Amino acid sequence: MSLSPLQLCLLFSSALFCVGLVGALSRSNTILVLLGVELMLNAANLNFIAFWRFSPSPSPATGVMFVIFSIAVAAAEAAVGLALVIAIYRHQKNIRLQEANRLKG
Amino acid sequence: MSLPVQYVWLIPLLPLLAAGIGAVTPRGGVKIASAAAIGAMVLGFFLSCGALATALAHPAAHATANFAWFDLGAGTLRLGWVLDPIAAFMLVMVTFVGALIFIFSTGYMHEDERAKQFFCFLSLFASAMLGVVIANSLLLLFICWELVGLASYLLIGFWFHKPEAAAAAKKAFITTRIGDLGLLLGMLWLYDSTGSLLFYDGGHGVLEPTAVANLNAQLVFGGLALSTVIGLLIFCGAVGKSGQFPLHVWLPDAMEGPTPVSALIHAATMVAAGVFLMARVYPLLTPDALKVIAFTGAITALMGALIAVAQNDIKRILAFSTVSQLGYMMLAIGVGSWVAAIFHLLTHAFFKALLFLGAGSVIHAAHHEQDIRSLGGLRGPMKVTFATFAIGMMALAGVPFLFSGFWSKEAILHAAHGWEVSHLPFYMGLTAVVLTAFYMTRLMAETFFGKARTHASEHAHESPASMTIPLVILAVCAVALSLLAWPSPWLQHILDPKAHAEGGGAGLMVLSIVLVAIGIGSGWAIYGRTTREKATSADPLAARVPGVIAFLGARMKFDELYAATVFQLNAALATAADLLDRYVWDAAVRLLAQIGIFAGLVNRETDEDGLNGGFDATSESLRDTGKAYSRAQTGDAHGYLRTVAIGFVLLVLIVMLGGRR
Amino acid sequence: MILPLVIIALLTIAVAAIAMTLRNLIHSALLLIGSWAGIAAFYFWAGAEFAAFAQVLVYVGAVSMVVLFAVLLTRRSRADLEVAPDAIGRGLGAMLAGGAVLGVLFGAVFATRLDVAPTAAPTASVRAIGQQLMGAHAASLLVVGVILTVALLGAVVIASTDREGGKEDAR
C-alpha cells in the first residue's frame, strides 16, 4: 500500500512522540525527563499542522492557531518545570527524579 | 568553461559543506578536515573562473537569479544571486587567496591539537564571505555579513585560553556590531521606502535608476536626500567591518588570532567586505555621502600609516598598514572611483596576504617571537621568505612599475587628484605614501638585516614547503597583477563600461615615485645603515622625537579615549538604571504590597472566627479518605507516566477492537 | 514534495533518539534543540511559516536557553554532566511501554482510511493570523497571556531562594 503524505506526517509525529516517551520513562535525570515531555508535546503539535495542511477545506489558519497557543502553553510549562528542577536540586543536591519522592503516601 | 548565474550558489556551498565535514569529523581527523577545506576552495576557484568567464562575456549586464524566500503578510521577501564582473573578480580572489592560505595553514597549524576546528571555522568563514560577494539582496548580504563576523570571532579567539585573544575576539565582535547596527537601520529604512532589498531585479531593484531617482527625490530632516541618509547608514556597517576611523580599534587587536587568520580575514577578505559593500551600493551614494566617505578614508589612511611607524610587533605593523590601505580604498570610493578601489582591493589582497603569510613564516621559524626588535638577520637562513616578503613590501610601498601596488595606488591618487570638492584628501594620501614606504623599510631592515639579536632568531630555519610554496605563488601574483590591469584601462572598462577611460597623469606618477623614494631612503637611512645591536637598544627615531613616537606607539590613545568616554557613559547609564530600579519602581511595589497585607489582615479576622469551624469537620473525614488513597502514591514519577502510557494503550485497544465488532 | 518531508522526519527522529540516549547532558540538550529546529522545518514545509517562526523563537531561542541554564545551574562538577547509567529494569520497562504506544499509534494510522485528495498548500498569511488572534480568538489570547504571566511569576517564586529558614540551602 502506498502512504499518503498525511499518513507520513502522522507516522512522523507518532515516532517522535514515542521517542519522547521512551526518553521520559527511561532517564533518571529530571531535565531529560522534562525534555522528553516537551518532545511529546511537540509531536502533538505536528499533528495539528499536518491535519490543517491536508484537510479538504482548510479553514483559515485554524491549525496554526492551535499550534501557537500550544507553543505558548508549552513555554509556560517549560519555565515552571525547569524552575521545579532547580528547586529539587536545591533540596536534594541532585536532580534524580526517583529520589524526589518526599510527598509519597 | 563558464558557469551560469543559476549555479553560482555552488561556490559558497562547497566551503559550507567542508565546514560541515570538519564539524563532524572526530577530534583527530585533521587530515580529513583540511583536505575537505582545501578541496572545496580549489574546486570553488575553478567554478569562480567559470563564473568570471560568464561575467566577462557580458560585462555590462548584472545577471541575477532571484527567488522568493517566504511570504510575509501581503508582501514577498525575495533573495537572489548576482553575477557581474565585480562579484566574479572577488570570487576568484577570495577562492584563490583562500586556497593558498588554507594550504599554508596545514603547515602553520600542524602542532595545534584543535587544528580540525580551525579548518572548520576557516571554511565557514570562506563560505560566508563568498555569500557576501554573490548576494543580490541586502538582506542576504547582511546574513552572510554577520556570519563573517561570527567566523572572525571564532577565529580571532581561537586560542581562547590566552586572555588577550579572548578579549580581542570580544572587542572585534562588539566593535563591528556597532557599525552593523547602522547597516541594519539603513536596510530597514531602505525596505520601508522601496519595498525591496534586491540590488538588481530587472528594473525594480534598489540600485537601478527608478529606485535611486525615487530615493534621491525624497528629502528627510535637514534637507538631506533620503538616499544620503541610507547610504551613510550602510557606510556605518562598512566602517565597522573595514576598520575605518573611528571604529578601527578592533583590527590591530585581532592579530591575537593565528597568523593565517590574520592573513585571510584581516588582510585579504573580511575587511575588504566593507569596501566591497560600498562599491556594490555605489549607485545609491549621493555626493554628500561620498564627501563623508572620502574624508573618513583619508583620515584612516593617514592615521593608520602614522601609527604603524611606531609599532614593534611585526603583525601589528602589518595590521595598521591594513587600516591605512583600507582607508585608501574608501578614499577612492569617496572620490568617485570605485573601480580604483576594487583594483586596489584585489592587488592589496594578494600582497597583504603575502606579507602576513611571510610574517607567519618568520614567527613560525623564530618560535613565536613577534617583536621586530628581537628578530634580525633572517635574510641568511630564510632566503625564500626574505625574497617573497621583499616583493610584498615593495608592492605595499608602491615601488614603481613592476609591482601591482604601485599601479592601484596610483589609480587612487589620480582619482583623488581629480576630485573637485577638495584637495585635502589627496595631500593626506600623499603623506601616507611616504609613511608607508618608511615603515615598511623599517620592518624589513629590523627583521631581515643586521645580525640576529636573540637566541630564537639565531636558530631560525626556513619553513616547510607547504608554507613557502603559497608564498612564492602569492609573490608571483603580486607582480603579475600589475601586468593584468593598469597599463591598459582594461579593468576599468570591464567593471564600469560607462565611465570614460582616463590615462594616468605622468606628472603625478613622477611625484609619487619621488615620494616613495623619500620614504624608503629615509627609512633605510635611519634603520638600515646602522642596524640595531641589541634587542633592548633604543629606537633611533624614538630617541629623536620621543613624545610623538610614544603617542603613536600607544596607538594615539584611542583605546584609552574610548575607555574614558564610551565605557564611562555606559557605566553611568547602568548606575542610573540601577538607582531607578531600586528606589522608584521598588517603592511602588512595596506600596502595593502594604495594601495587600492590610487586606489580608481584614480577611483573616473574618475567616478564623466565622468559617473555620464548619470546615474542620469536613476536612477530618477527607483526610481519612486521603490516607487510604495515598498508599497508591509510590512517589515514583516514572511509574506514574508508565501507568498513563499503558492505560492509553489499553484504552485504544478497547476502542479499536470494540469498534470492529 | 514527499522527499523533503521524509528527510526532515528521519533527521528529526534520529537526532531526538540520539539525544535521549546520550550520557552527556549538554550534548543531549544541544541535540534536542536541533530536533526542535527540525520540527520548525516541518512547519515550514507544510506552509505554516508563522508557526515555524514561533517554534524557532520559542523553542530554539528561548526554551533552549532556559534548559541550558537549568543544566548549568544544577551541575556541580564536570563529572556531574555525565549522567549515571540508568537502571536496566526501568529502561526495559520504558522500551516496552514506548513500543506498545508506538504499535498502537502506528496501527491506528495504518488502519484509518485517510485518502485525502492532495490539495494545494493552504496559506496562512500573517495578516490573517493576526485578524484571527485579535478577532475570533481574542479571549483565548487573553487567557494565554494570563497563563504565561502566572507561570512566569510561579517559576520565579519556585526557583527563588527561601527568605526565612532556607538560608543554609541558599548556598
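The figures here come from the full heavy-atom set of this structure, side chains too, leaving out hydrogens, waters and symmetry mates. The chains referred to below are lettered A, B, ... by the order of the sequence lines, with proteins before strands, and numbering in each begins at 1. This one's a predicted model, so the numbers in the text were calculated from it and none came from an experiment.
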Which region of [X], side chain (C-beta onward) or backbone (N, CA, C, O), has a non-hydrogen atom less than 4.5 Å from a non-hydrogen atom of chain C, or is it both or neither?
X      : answer
I31(A) : side chain
V67(A) : side chain
L84(A) : both

Going from [atom1] on [X] to [atom2] on [Y], what distance comes out if it is rounded to the nearest 0.5 angstrom?
X      : Y       : atom1 : atom2 : result
I88(A) : I158(C) : CD1   : CD1   : 10.0 Å
W52(A) : Y43(C)  : CH2   : OH    : 11.5 Å
R27(A) : L22(C)  : CZ    : CG    : 8.0 Å
I2(C)  : S4(A)   : CD1   : OG    : 8.0 Å

Practice problem: Name the orientation class of the two ring planes belonging to F42(C) and F12(A) (parallel below 30°, tilted from 30 to 60°, perpendicular beyond 60°). | Solution: perpendicular
Exercise. Tell me the residues of residues 60-69 of chain C whose non-hydrogen atoms fall below 4.5 Å from those of chain A, in number order.
Key: V63(C), V66(C), V67(C)
Interface residue of largest heavy-atom contact number with chain A, from [options], under 4.5 Å:
options                         : answer
V104(C), L10(C), T21(C), I39(C) : I39(C)
S140(C), A54(C), A17(C)         : S140(C)
A108(C), A70(C), A136(C)        : A70(C)
I13(C), L92(C), I8(C), L96(C)   : I13(C)
L152(C), L133(C), V156(C)       : L133(C)
G98(C), G93(C), A159(C)         : A159(C)

Self-check item: Greatest number of heavy atom pairs closer than 4.5 Å to chain C - which of L46(A), V85(A), L8(A), I86(A)
Solution: L46(A)
Quiz item: Pick from V64(A), V73(A), T30(A): which one has the most heavy-atom pairs with chain C under 4.5 Å?
Solution: V64(A)
Kindly list each side-chain donor-acceptor pair under 3.5 angstrom involving residues 14-24 of chain A, sequence neighbours excluded, with atom names and distances?
| from | atom 1 | to | atom 2 | distance (Å) |
| --- | --- | --- | --- | --- |
| S14(A) | OG | L10(A) | O | 2.6 |

Practice problem: Identify the heavy atoms of S26(A) and G91(C) that sit nearest to each other, and give their distance. | Solution: CB-CA, 4.1 Å
Quiz item: Of all heavy-atom pairs between V58(C) and A75(A), which one has the smallest distance, and what is that distance?
Solution: CG1-CB, 3.7 Å
If you look only at distance, which donor and acceptor atoms sit under 3.5 Å apart when one is on a side chain in residues 143-151 of chain C and the other is two or more places apart or in another chain?
| from | atom 1 | to | atom 2 | distance (Å) |
| --- | --- | --- | --- | --- |
| T149(C) | OG1 | G145(C) | O | 2.7 |

Self-check item: Heavy-atom donor-acceptor pair, Q132(C) side chain to M65(A) backbone, under 3.5 Å
Solution: no
Practice problem: Could you tell me whether a side-chain N or O of R53(A) sits under 3.5 Å from a main-chain N or O of A48(C), the two making a donor and an acceptor? | Solution: no
Quiz item: Got a sec, which pairs hit side-chain hydrogen bond (donor to acceptor under 3.5 Å, both in side chains) with one end in residues 31-40 of chain A, sequence neighbours left out?
Solution: E38(A)-Y59(C)
Quiz item: Of the backbone (N, CA, C, O) and the side chain (C-beta and beyond), which part of V109(C) lies under 4.5 Å from a heavy atom of chain A, both, or neither?
Solution: both
Quiz prompt | Steps toward side-chain contact (heavy atoms from CB on, under 4.5 Å) verdict (L39(A), W36(C)) | solution = CA-CA 8 Å; L39(A) 209 55; W36(C) 286 334; 4.0 Å; yes
Quiz prompt | side-chain contact (heavy atoms from CB on, under 4.5 Å) evaluation trace for S28(C) with L32(A) | solution = CA-CA 8 Å; S28(C) 281; L32(A) 275 174; 3.8 Å; yes
Quiz prompt | Donor-acceptor pair between N45(A) and Q55(C) side chains, under 3.5 angstrom | solution = no
